[in-house]
Amino acid sequence: MKIRQATASDADEIARIINAAFEIEREFRRGERTSPSEVLTSISTKHEIFLVAEDGGRLVGAVEVRVDGDAGYFGMLAVDASVRRGGIGRAVVEAAEAHCRRAGCSVMTMSTGENRTELIPYYEKMGYRVTAVEPSTNPAFKYPIRVVNMEKLL
């Protein structure tokens, strides 16, 4: 498996992997989690990238990574269902942390919906801790949810 920075030609496959992984959120999310055009916009933003995990020439994981001063952020972590539970998610997050460390970040942040109770212990095992729980104002949600913000010192 190889982890690399995504290119514009990866946008469709990144969106497919993310939307499939976030299908579990259909209960409380309106529409798809992302689109190829949103991925392309992220890829072309100065302080934002996508990292992808590639296995045998096939994309099997993706994560959005942003740098804002001394804080890094990752979101939309997704792994193809056929290879989940094999360490790809952790490897992609570690690559995101390394990218942010190289960019001068001293902390890595992320957030998840409180409804995704299985994710909080997963991120805690990687060294993240809850810093705040707050209501979301994102119109993408069908009803009010709370967002769990987490961080890890780099």
Quick check: is L77 connected to L154 through a chain of hydrophobic side chains (ILVMFWY, heavy atoms under 4.5 Å apart)?
yes
Quick check on D68: does its CG atom have over 12 non-hydrogen neighbours (other residues, nucleotides or ligands) under 6.0 Å away?
no
Can you give each donor-acceptor pair under 3.5 Å made by side-chain atoms of residues 134-150, sequence neighbours left out, with the distance rounded to 0.1 Å?
| unit_1 | atom_1 | unit_2 | atom_2 | d |
| --- | --- | --- | --- | --- |
| E134 | OE2 | N149 | ND2 | 3.1 |
| S136 | OG | N138 | N | 3.1 |
| N138 | OD1 | A140 | N | 2.8 |
| K142 | NZ | R26 | O | 2.8 |
| Y143 | OH | E27 | OE2 | 3.2 |
| Y143 | OH | N115 | ND2 | 3.4 |
| R146 | NE | E114 | OE1 | 3.1 |
| R146 | NE | E114 | OE2 | 3.3 |
| R146 | NH2 | E114 | OE2 | 2.7 |

Check whether any side-chain heavy atom of S106 lies under 4.5 Å from a side-chain heavy atom of L153, and answer yes or no.
no
Rounded distance (nearest 0.5 Å) linking atom SG of C100 with atom CZ of F74
10.0 Å
What donor-acceptor contacts under 3.5 angstrom involve side-chain atoms of residues 119-130, with partners at least two apart or in another chain?
| unit_1 | atom_1 | unit_2 | atom_2 | d |
| --- | --- | --- | --- | --- |
| Y122 | OH | R90 | N | 3.3 |
| Y128 | OH | E97 | OE2 | 2.6 |
| R129 | NH2 | E151 | OE2 | 3.1 |

Which atom of V63 lies closest to which atom of A96, heavy atoms considered
CG1-CB, 4.3 Å
Less than 4.0 Å between a side-chain N and a carboxylate O, is that true for R58 and D80?
yes
V92 versus A62, closest heavy-atom pair with distance
CG1-C, 4.3 Å
Do the side chains of V79 and I49 join up, straight or via other hydrophobic residues, at under 4.5 Å, putting them in one cluster?
yes
If you round to the nearest 0.5 Å, how far is CG of L59 from CG of D10?
5.0 Å
I want to check something: taking the side chain as every heavy atom from C-beta on, are E54 and M1 in contact at a cut-off of under 4.5 Å?
no
Nearest non-hydrogen partners of G72 and C105, listed with the distance:
N-SG, 3.5 Å
Consider only side-chain N and O atoms of R16 and T34, and report whether a donor and an acceptor are under 3.5 Å apart.
no
Please check if L51 and M108 belong to a single hydrophobic cluster, counting links between Ile, Leu, Val, Met, Phe, Trp and Tyr side chain heavy atoms closer than 4.5 Å.
yes
Using the rule that Ile, Leu, Val, Met, Phe, Trp and Tyr join whenever any side-chain heavy atoms are under 4.5 Å apart, tell me whether I17 and F50 fall into a single cluster.
yes
Test I24 against R116 for side-chain contact (heavy atoms from CB on, under 4.5 Å), laying out the working first.
CA-CA 9 Å; I24 194 169; R116 300 290 309 272; 3.3 Å; yes
Please confirm whether the backbone N or O of E38 pairs with a side-chain atom of S35, one donor and one acceptor, at under 3.5 Å?
yes
For I88 against A53, the heavy-atom pair lying closest together
CG2-CB, 3.8 Å
Decide yes or no for H99 and I3: does some side-chain heavy atom of the first lie under 4.5 Å from some side-chain heavy atom of the second?
no
V52 vs Q5 side-chain heavy atoms within contact, under 4.5 Å
no
ILVMFWY cluster, M110 and V133 together (side-chain gap under 4.5 Å)
yes
N19 (side chain) donor-acceptor with E32 (main chain) under 3.5 angstrom:
no
